[in-house]
Amino acid sequence: GIPGYECYATVEETYQQAADLAATHSQLSEWIDIGDSWQKTNNQGGYDLMVLKITNKNISGEKPKLFIHSAMHAREYTPAALTLDFAKQLLNEYSSNADIQWIVDHREIHLLFHMNPDGRKIAESGVYQRKNTNQNHCANNSVGVDLNRNFAFFWNTTANGSSGNECDETFRGASAESEPETKAVSDYIRGLFPDARGPNEQDGAPQDTPGMHLDIHSYSELVLWPYGHTDRISPNNSGFVALGNKLAFFNGYTPQQSVGLYPTDGTSDDVSYGELGIAALTFELGTNFFQQCSVYQNKIKPDNLPALVYSAKVAAAPYLLAYGPE
Ligand code: 0X9
Ligand code: ZN
């Protein structure tokens with residue numbers, strides 16, 4: 001673990017533990033390379049971007065998908081720990097927990113523990129690194145691009161939604177999807193989920209659209225849904241309100257539209273929802289970046305694992321929560 005924060009696996013430990021899980025549970029999971037970090041792309045060390053895909057391979061056919069990624073912001077310690085603990089629960093409790101067995105049989109869960117491994121490596125030494133480590137921007141001072149301002153949906157469109165100053169913490173990058181991490185995740189999302197939106201923006205997605213995307217951050221104890229780039233509500237707002245409130249029952253967090261926190265453009269959840277109509281939400285875990293392990297283990301993990309389990313269950317039709325039976 002990280003010195004002084006032993007409950008948080010390092011990047012290497014996370015990859016090793018995930019690879020071991022996939023080897024031990026080979027009928028239930030797969031460890032997949034979906035792209036390269038900025039440093040790997042530029043021959044400066046770096047990492048593969050790796051997804052642990054979890055589903056019972058002996059049960060074939062189309063299954064509703066849940067995609068979760070974490071640690072896009074390097075200094076946020078708790079998110080990757082939570083997604084790794086979720087993977088362990090799904091695989092290690094398969095034979096002993098009927099709920100978990102049902103999920104692994106009838107859902108496809110995709111977990112990208114570390115979306116920003118280059119940045120995370122720096123943050124592991126106690127540095128408050130948020131962005132990736134793209135050396136072409138603000139070298140030696142505050143390097144990198146804020147990956148959660150570099151996605152394509154409404155990139156660089158909103159007042160105060162992102163920054164054009166390369167030393168700022170919310171620097172949006174040179175162009176939409178300029179960063180290999182953002183490009184790899186966007187391509188992966190587009191490969192997982194078909195476009196469920198109607199031709200007009202106000203159409204939104206059908207109420208029974210399957211699929212769900214969670215982007216896990218810290219901190220502030222929030223459950224957030226689109227849009228972030230405008231204070232207009234989305235066409236699926238009643239679905240998001242119902243879903244967000246339900247998730248907040250589990251973790252006790254405050255549910256709200258993400259623009260209510262502050263305006264953001266070029267974020268991951270706005271791509272999944274805005275481009276494809278997929279139910280996409282952001283969690284802000286806990287009350288700190290470098291959260292003490294006792295707080296993670298005694299509060300954040302027990303509060304949030306049930307919210308992830310619930311997400312896996314409702315991924316068949318998350319918006320339907322807003323609408324009672326006929
Ligand atoms: O600013 C961010 O990217 C997120 N907060 S953090 O402190 N983890 O950096 C919040 C993003 C909220 N907006 C959307 N999810 N669209
Ligand atoms: Zn964050």
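One is the number of the first residue; the rest follow in order along the sequence. Counting starts at 1 for both ligands and their atoms, in listed order.
- Atoms CD1 and CZ, on I122 and R120 in that order, are 12.5 Å from each other to the nearest 0.5 Å.
- Between the side chains of H73 and D146, a donor-acceptor pair is found at a separation under 3.5 Å.
- When each atom of ligand 1 is checked for a heavy atom of R130 under 4.0 Å away, the hits are 1 (O), 2 (C), 3 (O), 6 (S), 9 (O).
- Under a 4.0 Å heavy-atom criterion, S218 is in contact with ligand 1.
- Taking atom 12 (C) of ligand 1 as the reference point, the nearest protein heavy-atom neighbour is L224 CD1, 3.8 Å.
- Between Y8 and Y296, the angle of the ring planes lies from 30° to 60°, which puts this pair in the tilted group.
- Between F290 and Y128, the angle of the ring planes lies from 30° to 60°, which puts this pair in the tilted group.
- Distance from atom 4 (C) of ligand 1 to its nearest protein heavy atom, with residue and atom name: E284 OE2, 3.1 Å.
- There is no side-chain donor-acceptor pair under 3.5 Å between E179 and N150.
- If you look at H217 and ask which of its N, O or S atoms sits nearest the Zn ion (ligand 2), the answer is ND1.
- Taking atom 8 (N) of ligand 1 as the reference point, the nearest protein heavy-atom neighbour is E76 OE2, 2.9 Å.
- For the residue pair D20 / Q16, a side-chain donor-acceptor distance below 3.5 Å is found, with atom types taken as modelled.
- Under the 30°/60° scheme for interplanar angles, the aromatic rings of Y47 and Y15 are found to stand perpendicular.
- Using cut-offs of 30° and 60° on the angle between ring planes, the pair Y219 and F289 is perpendicular.
- Residue-level proximity to ligand 1 for H73 is carried by the side chain, the only part with a heavy atom below 4.0 angstrom.
- Side-chain polar atoms of T267 and D269 form a donor-acceptor pair below 3.5 angstrom.
- Here the Zn ion (ligand 2) is the vertex; the ND1 atom in H73 and the OE2 atom in E76 give an angle of 90° (to 10°).
- Using modelled atom types, one finds a donor on one side chain and an acceptor on the other under 3.5 Å when comparing Y94 with D105.
- Assignment of Y227 to the shell around ligand 1 is not supported, since no heavy atom sits closer than 4.0 Å.
- Between L222, D269, T267, D215, it is D269 that holds the heavy atom closest to atom 15 (N) of ligand 1.
- The N/O atoms of D146, backbone and side chain alike, include none that comes under 3.5 Å of an N/O atom in ligand 1.
- Close contacts of ligand 1 with H217, meaning ligand atoms under 4.0 Å from a residue heavy atom, involve 8 (N).
- Note: F113 and W31 have tilted aromatic rings, judged against thresholds of 30 and 60 degrees for the angle between ring planes.
- E284 lies apart from the Zn ion (ligand 2) in this respect, since none of its N, O or S atoms is found at a distance under 2.8 Å.
- Residue R149 approaches ligand 1 through these ligand atoms, each under 4.0 Å from one of its heavy atoms: 1 (O), 2 (C), 3 (O).
- Taking every heavy atom of T282 and a limit of under 4.0 angstrom, the matching atoms of ligand 1 come to 15 (N).
- Taken to the nearest 0.5 Å, the CG atom of L91 stands 11.0 Å off from the NZ atom of K88.
- Heavy-atom proximity to T264, at under 4.0 Å, picks out these atoms of ligand 1: 13 (N), 14 (C), 16 (N).
- The nearest heavy-atom contact from the protein to atom 1 (O) of ligand 1 is Y262 OH, 2.6 Å.
- Geometrically, ligand 1 and Y219 share no nitrogen or oxygen pair separated by less than 3.5 Å.
- The protein atom (non-hydrogen) at minimum distance from atom 11 (C) of ligand 1 is N148 ND2, 3.9 Å.
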